[in-house]
Amino acid sequence: MNILLAEDDIRLGELIVYMLKKKGGYQVEWVTQGDDAFDYALHAHFDILILDWMLPGEDGVRVASRLRQQGYAGAILMLTAKDALQDRIEGLDSGADDYLVKPFEIEELLARLRALARRNFAPIQEQIVNIHTITVNLTNRTVHDGEKEIHLTPREYQLLELLIRNKGQVLSREVIFERIWGLNSDVSMKTIDATVKLLRKKLNGDGETEIIQSIRGVGYKLDD
């Protein structure tokens, strides 16, 4: 399963990510802002969104409500220290499918995720994007050049998907850095250029078309 975690408590977030990967074998993306949770959930495929109620920017209830208004059909599990009946009702009415009160045991979280995964949410329709000779399946995260599969690292794929979802728009290096590595990352900005270089090498199969364009002094964009 592919899971999006929205949790601003760094220690708790690190623990949840570690345990979901180790015990559940899940793929996990982690954000700390409500606005980021909304954008990620709406523009990428996640099986389940684990959404903390008290988030900076927009709180979890507002994020869940906005996602449902936009037609988001994925599962949402709300995390919160609010355990009053009215709070649980508000969380569920906002669009959450389940509700877990803090503090909780990781085993219970994993059990609730398994239960949500068994529920019949909206069927997933494959999202296919063609860029010159390259075919990207955004649903199962595969990339092909004709019949040949192109194997990307997780960071390379994240970068490619970010560019695809903003095709034709120039993305600054700062925006790319924030979305892919996060503001708290200790890697240097040069990592972006190195990742772009490696991604270009893998995608530029015909040797003629430069799919990822450099915008001097600004950043990058995907050829439209």
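Remember, predicted model here, so these are calculated numbers, not experimental data.
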Nearest 0.5 Å please: distance from the [atom1] atom of [X] over to the [atom2] atom of [Y].
X: Lys167; Y: Ile131; atom1: NZ; atom2: CD1; result: 6.0 Å
X: Leu79; Y: Leu5; atom1: CG; atom2: CG; result: 7.5 Å
X: Phe104; Y: Ile16; atom1: CZ; atom2: CD1; result: 4.0 Å
X: Ile48; Y: Leu116; atom1: CD1; atom2: CG; result: 5.0 Å
X: Leu4; Y: Gln27; atom1: CG; atom2: CD; result: 12.5 Å
X: Ile150; Y: Asp145; atom1: CD1; atom2: CG; result: 5.0 Å

Can [Y] be reached from [X] by stepping across I, L, V, M, F, W or Y side chains whose heavy atoms are under 4.5 Å apart?
X: Ile212; Y: Ile134; value: yes
X: Met189; Y: Leu159; value: yes
X: Val101; Y: Leu51; value: yes
X: Ile10; Y: Ile106; value: yes
X: Leu100; Y: Leu15; value: yes

Verify side chain to side chain contact (heavy atoms under 4.5 Å, CB included) between Thr80 and Val61, making sure each step is shown before the conclusion. CA-CA 10 Å; Thr80 181; Val61 168; over 6 Å; no
Are side-chain N/O atoms of [X] and [Y] paired as donor and acceptor at under 3.5 Å?
X: Arg155; Y: Gln158; value: yes
X: Thr142; Y: Asn137; value: no
X: Asp193; Y: Tyr220; value: yes

For the side chain of [X] and the backbone of [Y], is there at least one donor-acceptor N/O pair under 3.5 Å apart?
X: Asp97; Y: Ile76; value: yes
X: Asp47; Y: Asn2; value: yes
X: Lys202; Y: His151; value: yes
X: Arg112; Y: Tyr99; value: yes
X: Asn166; Y: Leu162; value: yes

Closest non-hydrogen atom pair between [X] and [Y], with its separation:
X: Ser214; Y: Arg200; result: OG-NH2, 2.6 Å
X: Val63; Y: Ala37; result: CG1-CB, 4.3 Å
X: Glu156; Y: Leu199; result: O-CD2, 3.8 Å
X: Gln33; Y: Pro56; result: OE1-CB, 3.5 Å
X: Lys102; Y: Glu7; result: NZ-OE1, 3.0 Å
X: Trp53; Y: Asp59; result: O-CB, 3.1 Å

Taking the side chain as everything from C-beta on, heavy atoms only, tell me whether [X] gets closer than 4.5 Å to [Y].
X: Leu77; Y: Leu109; result: yes
X: Asp52; Y: Asp9; result: no
X: Leu113; Y: Leu20; result: yes
X: Arg66; Y: Tyr72; result: no
X: Ile50; Y: Val28; result: no
X: Val31; Y: Leu55; result: no
X: Ile180; Y: Thr195; result: no

Over-ring placement of Arg141 relative to Tyr157, 6.0 Å and 45° cut-offs: no
With a cut-off of 6.0 Å (strictly less than), are more than 12 heavy atoms of other residues, nucleotides or ligands near CE of Met54?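 12 or below, so no.
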Would you say OH of Tyr18 has more than 12 non-hydrogen atoms from neighbouring residues, nucleotides or ligands within 6.0 angstrom?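 For Tyr18, atom OH is not crowded (no more than 12 foreign heavy atoms under 6.0 Å).
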Test log, rule side chain to side chain contact (heavy atoms under 4.5 Å, CB included), inputs Arg179 and Asp39: CA-CA 10 Å; Arg179 290 297 184 90; Asp39 289 339; 3.8 Å; yes
